[in-house]
Amino acid sequence: MKTFPQLPIYTGFNRPNRMELDISDLEIEGQLPDIEGAFYRVGPDPHYPPLLGNDIYFNGDGMISMFRFEKGRVSLKTRYARTQKFLAEEKAGHPLFGAYRNPYTDDPSVEGISRSTANTNIFFHEGRLYAMKEDSLPTEMDPFTLETIGDTSFGGKVTSEAFTAHPKYDYATGEMIGFGYHAKGIGSDDVAYYVIDRHGQVVHETWFKVPYANLMHDFGVTEDYVVWPIVPVCTSLERAREGKPVFGWDSSKDVYLAVLPRRGEGKDLRLFRAPNQFCSHVMNAFNDGTKIHFDTPVARSNAFPFFPDITGAPFDREGGSARMTRWTLDLSSKDGSWEARTLSNMMGEFPKIDERYACHSYRHGYMCVMDPSLPLDPTTGRSISGLLINAWGHIDMATGVSKQWFCGPKTTLQEPVFVPRNANAPEGDGYLMGLMNVYETMSSALVILDAQHVDEGPIATIHIPTHLRSGLHGNWVPADQLTKGKASVV
Ligand code: V55
Ligand code: FE
């Protein structure tokens, strides 16, 4: 095999790990809270150097980490998702798949093989663990061994070619609510919406079209409704065929919120419209009668430096800085617009909540803060995505108070998860846990904060004897759910 290119995203702290770890006991500094369960996370970790000499961060093979908390010990297991792409390339001994989401750049021998990297989210639902990439179907993993089980279409019932990496789990109903965009192939404006019950069965499906084909990365689910933000990170098949980036920012286009009742039909989709702006991840959504509240970090312009402006305009870093915002629309009103209210002055992305409150009215939100005014040591490594996370923030929606913990100038952070103190703990009573990139030692640490006192910093730091490349999303699964087992086999 050839060497990885000597580019910032493949060197230093961004060097692919490529190794699959099994460490039975990690070093624990400080007071480990009395929690039992597993913290799963996933991120791109290219198994082979990029076929075309370079690529964007979003296009590496999914490497999953599992931190298992059991009887006061913490173990770590990491495994690649052995996707169809991974297996085909491993068999060949060299890369076969080309640029991010662009099948026109692949080696012709892989036509028809799923391009999934399974690198965006690792999501647990009623005994099953899914590694997900939004251009393909989920890849099921064994929740204990992290062995790859294989791609799933939920018993053949999901006929969309793709399934989101951001499904929602409504604890009140046990449902997993998801959708697929580019549902009839890359660049299609078709969306398929699915409700999957606690037995893994598809119990509702409907299809609709969106105003323009784009990147539909996340959505919001409330007790009664489903809301998709439609933001112009647009898809162009023409650019794809020319080997150019498939996704590009189009500042001439409006933004929409598309709303369906949770068991609605595509023909009933209602579109609300607002001027051009940017959002990607959804913190949470809930409704009060016909009023829907949709919480998301909003920026004036595109926040992804690697999805270029279609006019060639340079990336606007200031315009791409997001602040947590509550968008409120009223289905009983006829005017088709919505109201916006900024929830915090902290700048950042990757919102998180106490997941027991997903789809319902909630009080506590957490996020990755990217504050360019905080000090940065020159020895701190280059960010892999162009986005540098230097604090974790907490927003109390009831008081409007924001608190943050700055990790210091020599480290950066990855997305945290909220861990409830125990199953009966009230909302927000628990911990915030996530990885810290420690450049001085080229290693990672799992840091744990008291979620009610985020500004006080870590109560425990779990040391990892190597670096773990920057990941995307993760989830905490309490031990009682983990061991409950599959409700039925699909
Ligand atoms: C995102 C991440 C992706 C992707 C599309 O966070 C959007 C946004 C890691 O892959 O393919
Ligand atoms: Fe995401």
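As the structure lists them, so they are numbered: ligands from 1, and atoms in each ligand from 1. All residue numbers refer to positions in the sequence shown, counting from 1.
Atom numbering of ligand 1 starts at 1 in the shown order; those under 4.0 Å from a heavy atom of K133 are 3 (C), 4 (C), 9 (C), 10 (O), 11 (O). Per-residue contacts place Y100 under 4.0 angstrom from the following atoms of ligand 1 (heavy atoms of the residue considered): 4 (C), 5 (C), 11 (O). Each of the following atoms of ligand 1 lies closer than 4.0 Å to a heavy atom of R101: 11 (O). Listed by number with element, the atoms of ligand 1 under 4.0 angstrom from any heavy atom of N119 are 9 (C), 10 (O). Ligand-side atoms of ligand 1 in range of H281: 6 (O), range being under 4.0 angstrom from any heavy atom. Here is the list of ligand 1 atoms found below 4.0 Å of a heavy atom in E134: 4 (C), 5 (C), 7 (C). Atoms of ligand 1 lying under 4.0 Å from at least one heavy atom of L472, given by number and element, are 9 (C).
Considering F58, F247, F350, F304 only, the shortest heavy-atom separation from atom 3 (C) of ligand 1 involves F58.
For the pair M63 and E20, the tightest heavy-atom approach, listed with the atom from each and the gap, is CE-CG, 4.5 Å. Taking each heavy atom of M141 and A131 in turn, the nearest pair found is CG-CB, 4.0 Å. Of all non-hydrogen atoms in F123 and M176, the two that sit nearest each other are CE2-SD, 3.9 Å. Considering all non-hydrogen atoms of both residues, L21 and L468 come closest at CD1-CD2, 4.1 Å.
The shortest contact between atom 6 (O) of ligand 1 and any protein heavy atom is with H217 NE2, 3.2 Å.
The Fe ion (ligand 2) forms the vertex of an angle spanning NE2 of H217 and NE2 of H281; to the nearest 10 degrees it equals 100°. Here H473 contributes NE2 and H166 contributes NE2, and at the Fe ion (ligand 2) these two atoms make an angle of 90°, given to 10°.
Here the two rings, on Y130 and H125, have centers that are 6.0 Å apart or farther. Under the 6.0 Å cut-off for aromatic ring centres, F350 and H473 qualify, their centroids lying closer than that. In summary, the aromatic rings of F315 and W249 are positioned with their centroids too far apart to meet the 6.0 Å limit.
Ionic pairing of R198 and E175 is not present here: no N-O contact between side-chain nitrogen and carboxylate oxygen is shorter than 4.0 angstrom.
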